[in-house]
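Report on one structure; see the data block that follows.
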4 protein chains.
Amino acid sequence: MIIVLKQGITADSIKKIIERLEARGVSVSHFSDIKRDFLGLIGDTSGIDTHQLQALTEVEQIVRVEEPYKRANRKFHPENSVVKIDKEKIGGGQLGIIAGPCSVESEEQIIHVAKRIKAAGANFLRGGAFKPRTSPYSFQGLELEGLRMLQAAKAETGLPIVTELMSTKWIDEFVDSVDMIQIGARNMQNFDLLKEVGKTNTPVLLKRGLSATYKEWLMSAEYIMSEGNENVILCERGIRTFETETRNTLDIQAVPVIKKLSHLPIIIDPSHAGGMSYLVEAGAKAGIAAGADGLMIEVHDDPANAWSDGEQCLTPDEFAELMVKARKLAEIEGRSIQEASTLLTK
Amino acid sequence: MIIVLKQGITADSIKKIIERLEARGVSVSHFSDIKRDFLGLIGDTSGIDTHQLQALTEVEQIVRVEEPYKRANRKFHPENSVVKIDKEKIGGGQLGIIAGPCSVESEEQIIHVAKRIKAAGANFLRGGAFKPRTSPYSFQGLELEGLRMLQAAKAETGLPIVTELMSTKWIDEFVDSVDMIQIGARNMQNFDLLKEVGKTNTPVLLKRGLSATYKEWLMSAEYIMSEGNENVILCERGIRTFETETRNTLDIQAVPVIKKLSHLPIIIDPSHAGGMSYLVEAGAKAGIAAGADGLMIEVHDDPANAWSDGEQCLTPDEFAELMVKARKLAEIEGRSIQEASTLLTK
Amino acid sequence: MIIVLKQGITADSIKKIIERLEARGVSVSHFSDIKRDFLGLIGDTSGIDTHQLQALTEVEQIVRVEEPYKRANRKFHPENSVVKIDKEKIGGGQLGIIAGPCSVESEEQIIHVAKRIKAAGANFLRGGAFKPRTSPYSFQGLELEGLRMLQAAKAETGLPIVTELMSTKWIDEFVDSVDMIQIGARNMQNFDLLKEVGKTNTPVLLKRGLSATYKEWLMSAEYIMSEGNENVILCERGIRTFETETRNTLDIQAVPVIKKLSHLPIIIDPSHAGGMSYLVEAGAKAGIAAGADGLMIEVHDDPANAWSDGEQCLTPDEFAELMVKARKLAEIEGRSIQEASTLLTK
Amino acid sequence: MIIVLKQGITADSIKKIIERLEARGVSVSHFSDIKRDFLGLIGDTSGIDTHQLQALTEVEQIVRVEEPYKRANRKFHPENSVVKIDKEKIGGGQLGIIAGPCSVESEEQIIHVAKRIKAAGANFLRGGAFKPRTSPYSFQGLELEGLRMLQAAKAETGLPIVTELMSTKWIDEFVDSVDMIQIGARNMQNFDLLKEVGKTNTPVLLKRGLSATYKEWLMSAEYIMSEGNENVILCERGIRTFETETRNTLDIQAVPVIKKLSHLPIIIDPSHAGGMSYLVEAGAKAGIAAGADGLMIEVHDDPANAWSDGEQCLTPDEFAELMVKARKLAEIEGRSIQEASTLLTK
């Protein structure tokens with residue numbers, strides 16, 4: 001961290017600022033050129049609040065050279081992390097393909113969809129049991145009953161379960177019955193929830209907030225990791241922009257930027273990004289081409305009758321076709337997608 | 001709600017869509033012109049999910065004519081709401097002036113600041129006990145000890161207390177010791193937290209999310225109100241834009257727009273909006289001129305040593321000066337600000 | 001400007017970078033602490049392209065301490081600028097009140113509106129002759145005929161004329177017949193147009209681009225000023241945000257920020273900002289309360305039949321009422337608005 | 001277009017509105033349900049200004065069902081357009097690969113780069129002669145001398161030239177010496193410039209504005225096409241978002257959305273989107289995977305000494321490697337990239 005001081009600061013003022021900074025456990029170098037004085041801070045500056053320093057009338061500008069995240073930082077962990085989720089992994093050569101309906105609607109539905117997506121090559125089942133809805137009058141999910149249905153689908157297919165946790169109230173039930181806990185975009189800075197999942201060992205899929213920067217997103221991962229749970233996977237799901245033709249804008253550059261800044265795996269959710277089924281193929285393929293570690297795709301047997309988000313779902317057949325194309329692309333990129341099983345595809 | 005159907009839809013398809021819609025308890029009128037068919041929905045459409053309807057291949061476009069919020073809607077509650085908070089009110093002729101430090105730091109500090117702001121004309125005390133910080137390594141607040149200090153300050157000054165709740169875990173403590181519960185910008189769509197405060201009778205100060213639309217903000221108010229707690233006050237605190245000179249951008253138009261759409265009181269927080277103390281005066285005065293029902297302003301005895309957000313705090317003296325100007329402005333606008341007490345100003 | 005070098009750079013590489021920088025006419029100081037080397041650049045860095053320096057593999061980060069604008073910078077021109085426009089001024093104690101229709105539609109219309117707004121206290125007439133329209137199929141303005149009608153209205157009322165120039169092709173006609181040339185939001189970075197108006201002596205009203213930062217806006221002012229024309233007035237007219245209830249979001253903080261960074265006058269256009277007539281009063285009053293040097297307001301005799309932007313126009317009666325309120329507010333703020341003339345108000 | 005009227009409108013008012021609309025050459029159907037009246041407009045509504053209709057006090061809401069663009073609309077031109085540029089084409093099976101330096105710096109430089117990129121498989125040469133720079137003090141391009149150098153490079157390599165036009169002043173020189181005229185992001189709504197290039201037959205590469213919506217972008221294409229020049233190619237070059245780690249955010253969904261709405265070819269510029277050379281590969285590959293018709297990539301022999309935008313340039317070697325990967329990807333997608341020539345690669 002470099003602090004640029006205003007012009008004309010007295011030596012005495014500089015001395016006091018240095019003492020104040022050293023009291024926080026960093027060491028400080030003082031430079032000056034003809035016009036200005038600068039302070040360079042060495043040591044762990046992650047706890048120093050730049051907003052507070054900015055309140056000092058002597059300070060012109062503050063520049064963070066070191067990133068404020070440590071455990072998520074590639075600098076201190078150069079190899080890519082591979083996260084184990086039940087008997088599967090995300091972050092290595094094989095892509096993690098998470099598919100399933102927006103909401104769990106019935107045991108029959110979720111088992112049926114689980115079989116179809118597995119047959120097409122998915123290796124994780126998603127399905128919402130607790131749903132974050134903008135309106136209190138919209139369907140809020142089957143809640144614990146939904147979790148039970150997901151487990152039934154896992155029992156039938158062996159697919160590990162990914163589902164969203166919205167409240168610390170249900171954390172024990174999730175740890176017991178879910179293979180990867182999803183933290184949704186709207187809760188990316190629900191710091192209380194982040195800390196609580198950080199105290200578990202269950203892998204966490206952390207979705208990017210609708211208007212979060214990369215740094216804020218990594219700081220949210222840091223919240224989880226700083227509590228001890230390093231099994232974090234990031235999920236880019238589109239950001240809010242001015243565009244109204246699409247639900248959100250898929251930020252494909254998130255993949256190379258996150259790969260540079262962090263060792264954590266990152267996957268792409270093209271279903272929520274575009275919010276329209278016709279946009280899923282382009283987003284999914286772009287994600288693989290850009291180096292993502294997996295995909296999260298909404299699949300529903302009857303999109304027009306889905307209880308939520310129907311317009312962005314693929315049918316199982318459309319999903320199977322997409323997997324064929326995605327598999328070829330993954331190979332070009334030196335990755336793989338699990339083979340489709342001809343037995344189960346219908 | 002109007003549904004525009006694609007061109008060339010068969011009469012049979014239209015009949016099926018109408019049946020499906022009527023099954024949800026709305027009545028449907030069918031119109032057509034030379035090119036297209038339209039369906040007009042009458043009745044309570046607040047539970048109808050437009051994303052789901054959009055999944056129907058026959059649908060070209062859906063237009064919501066009715067707003068999806070009911071209890072927050074001015075249409076069904078034409079008079080301005082006035083919310084009682086302890087022995088004070090927000091929403092009537094007298095502005096609610098909420099002031100105090102970003103974080104409660106010590107009993108001495110909070111009592112001292114409370115006396116000074118009361119003397120200048122504030123009628124509410126704010127102070128953070130639980131702090132939402134971007135970094136897990138930053139100061140997280142004094143927590144329950146902070147609540148106790150706020151109560152001590154109330155005992156000395158009589159000022160009702162406003163402080164932020166971040167977790168459902170502490171809701172009982174807040175109901176017992178806080179006069180108005182603040183829901184922060186980052187939790188505006190923490191639906192679980194909204195529902196829980198909705199089950200209490202404690203007034204709620206609902207801050208706008210950093211990139212939330214007016215409609216989403218009112219839907220979050222609706223979450224609280226739909227659980228029974230209608231004591232909601234909205235707080236505009238700046239939205240995220242491309243600008244980097246300021247922390248956020250104060251959206252002053254929020255005042256007239258919210259006043260048109262809703263009966264709920266709305267206040268302005270110029271401290272968080274700009275994030276710099278030199279911007280507070282302009283934002284506060286603009287808020288009053290635009291018709292806001294109150295202000296929320298950060299005041300700290302020694303901003304350069306504040307434990308958080310120092311660069312946006314006013315000193316008690318600066319706050320007292322601002323109140324003098326704000327009072328004149330309020331009078332021009334037919335409102336008032338509590339008189340300053342000469343006894344207590346130092 | 002400070003350049004932070006990557007860790008582990010050799011002394012030889014540093015020497016080469018310093019030579020390269022000195023070749024551009026700046027002097028360079030070299031500092032280092034235990035971990036890193038820094039270069040501090042002294043002198044005129046406004047021509048140095050940080051994007052180019054960033055391409056050097058040795059560079060970690062570049063920090064501009066000095067702003068890249070000079071003539072627009074308050075640092076080198078501490079007093080507020082007052083711009084003379086015909087026999088009026090903007091930037092001093094009396095607010096500049098610019099009013100009139102979006103488009104000039106007929107001589108009769110523009111003369112009638114000019115009389116009405118003058119009677120209410122406006123001291124400038126606006127009216128579009130060349131219209132920037134999103135669609136090529138929308139009305140594009142009366143062009144030169146419109147300029148002639150504006151002159152007729154000036155002949156009747158004495159009000160100086162403000163109108164938008166979209167093309168360098170008409171610059172001579174504008175210099176001859178217009179008192180202040182408006183550069184519209186969409187042309188804020190039409191650098192060719194900026195340079196050409198910079199070569200004239202006609203005052204320029206520079207609207208902020210829809211998603212321009214303050215710095216970009218001031219750099220556009222600098223384009224005009226660097227060609228010799230220092231008669232620049234800035235106009236905040238709303239920025240693009242996610243909100244769809246309003247056309248744009250009025251950024252009221254622009255006033256205190258621009259006043260801090262620059263000596264140029266700044267006015268507020270609440271008509272374009274909100275895009276709805278019911279929002280004009282709040283925006284106008286907020287602008288005055290925040291310290292703006294003037295207002296630009298659309299007034300049309302028959303908004304429902306306006307040829308463009310009807311939904312944001314005030315009627316002359318509404319404008320006259322607004323001026324009464326605005327005048328009181330201006331007085332509280334130590335400013336004035338020209339008196340209304342009772343003779344002419346109908 | 002559907003107009004929703006406010007509740008309680010009299011039959012007489014409705015009749016007047018219908019007459020007013022019919023006077024504009026559209027036919028109007030009138031529907032009503034229990035609560036409201038609706039008007040459906042049939043015919044060419046592209047010249048109707050919704051902002052004006054919104055000014056009618058009787059109007060609640062206006063819904064455009066038809067898009068306001070015609071010539072750019074896929075509905076009226078179902079096949080993909082293929083644009084001929086000199087002896088090359090963009091829009092068919094072979095991707096258009098446009099490469100070259102940000103600025104033309106010398107004849108030697110541009111010829112050298114042209115040879116290298118051609119050898120790697122590029123089929124167009126780009127290079128800026130007139131540069132839109134945020135600062136008037138930055139290098140503004142070699143102007144006409146730069147055009148001459150581009151022609152020299154074309155004479156050596158046969159590569160058609162793409163370069164940016166910023167002013168109508170130079171339009172004749174561009175028509176004479178340039179194969180495709182680029183309209184930059186900052187000029188996307190410089191309507192005067194759009195009309196002028198629309199009067200030529202030279203193909204136009206229309207970059208998307210930094211915060212333009214798809215509809216605005218297509219309306220800018222419509223401006224060009226409505227003057228008679230239908231040779232328009234769209235270029236997605238990143239949009240402005242809150243992210244500060246990257247220069248802009250590449251909106252990859254632009255490809256499938258534009259392909260759905262329009263028949264015009266669309267290419268991707270990953271260099272400007274990310275603004276950093278390490279992001280180019282991911283963006284380029286994502287673009288091809290999403291279905292783009294080409295790429296525009298900055299290549300400079302010595303990025304650290306580039307006169308502009310050095311940090312986003314690839315070296316010729318990096319570009320050649322990228323082309324090898326891109327070619328494989330294109331084949332998977334049923335497209336091709338011109339073969340590399342082994343003779344010329346060094």
Side-chain angles (χ1 to χ4, degrees), chain A residues 67 208-218 236 238-261 268 270 273-292 324-334, chain D residues 67 208-218 236 238-261 268 270 273-292 324-334:
Chain A
E67 298 87 0
R208 181 179 181 187
L210 271 82
S211 57
T213 62
Y214 301 135
K215 192 177 283 178
E216 288 169 339
W217 191 14
L218 288 172
E236 160 64 31
I239 53 173
R240 182 165 276 190
T241 65
F242 304 138
E243 190 52 60
T244 54
E245 286 285 330
T246 55
R247 189 188 282 198
N248 291 118
T249 295
L250 180 63
D251 176 10
I252 206 73
Q253 292 178 165
V255 179
V257 175
I258 290 294
K259 291 268 172 220
K260 180 170 172 251
L261 300 177
I268 291 290
M276 312 284 272
S277 57
Y278 88 90
L279 293 170
V280 172
E281 179 178 330
K285 295 198 299 188
I288 296 172
V324 172
K325 295 174 188 174
R327 201 172 281 113
K328 273 193 213 161
L329 201 57
E331 277 160 29
I332 292 283
E333 298 296 323
Chain D
E67 297 87 0
R208 180 179 180 187
L210 273 82
S211 58
T213 61
Y214 301 136
K215 192 176 284 176
E216 288 169 339
W217 192 14
L218 289 172
E236 160 64 30
I239 53 172
R240 182 165 275 190
T241 65
F242 304 139
E243 190 53 59
T244 54
E245 286 286 330
T246 55
R247 190 187 281 198
N248 291 118
T249 295
L250 180 63
D251 176 9
I252 205 75
Q253 292 177 166
V255 179
V257 175
I258 291 294
K259 290 268 170 220
K260 180 169 172 253
L261 301 178
I268 291 289
M276 313 284 272
S277 58
Y278 87 91
L279 293 170
V280 173
E281 179 178 331
K285 294 199 299 189
I288 296 172
V324 172
K325 295 176 186 170
R327 202 172 279 113
K328 273 193 214 160
L329 202 56
E331 277 160 29
I332 293 283
E333 297 296 322

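Here is how names work: the chains are called A, B, and so on, in the same order as the sequence lines, proteins then strands, and each is numbered from 1.
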With sequence neighbours excluded, what pairs up with A/Arg327 under the side-chain hydrogen bond (donor to acceptor under 3.5 Å, both in side chains) test?
none
In Å and rounded to the nearest 0.5 Å, what is the CE to CD distance from A/Met276 to D/Gln253?
10.5 Å
Close side-chain approach of A/Thr244 and D/Tyr214, heavy atoms under 4.5 Å:
no
For A/Pro256 and D/Tyr278, work out which heavy atoms get closest and say how close.
O-CE1, 3.7 Å
Could you tell me which of D/Ile288, D/Thr241, D/Val257, D/Asp251 has the largest number of non-hydrogen atom pairs under 4.5 Å with chain A?
D/Val257
Considering only heavy atoms, which portion of D/Ala273 lies under 4.5 Å from any heavy atom of chain A: side chain, backbone, both, or neither?
both
Are side-chain heavy atoms of A/Leu261 and D/Glu245 found at a separation under 4.5 Å?
yes
Can you say whether D/Leu250 sits under 4.5 Å from chain A via the side chain, the backbone, both, or neither, judging by heavy atoms?
both
Only pairs of heavy atoms separated by less than 4.5 Å count here; which of A/Gly238, A/Gly283, A/Gly274, A/Pro270 has the most with chain D?
A/Gly274
Can D/Glu243 and A/Arg208 be counted as an ion pair, charged N to O under 4.0 angstrom?
yes
Does any heavy atom of chain D fall under 4.5 Å from the side chain of A/Lys325, the backbone, both, or neither of them?
neither
Hey, could you give me the CG/CD1 distance between A/Leu279 and D/Ile252, rounded to the nearest 0.5 Å?
12.0 Å
Approximate separation, where rounding is to 0.5 Å, of A/Lys328 NZ and D/Glu333 CD:
9.0 Å
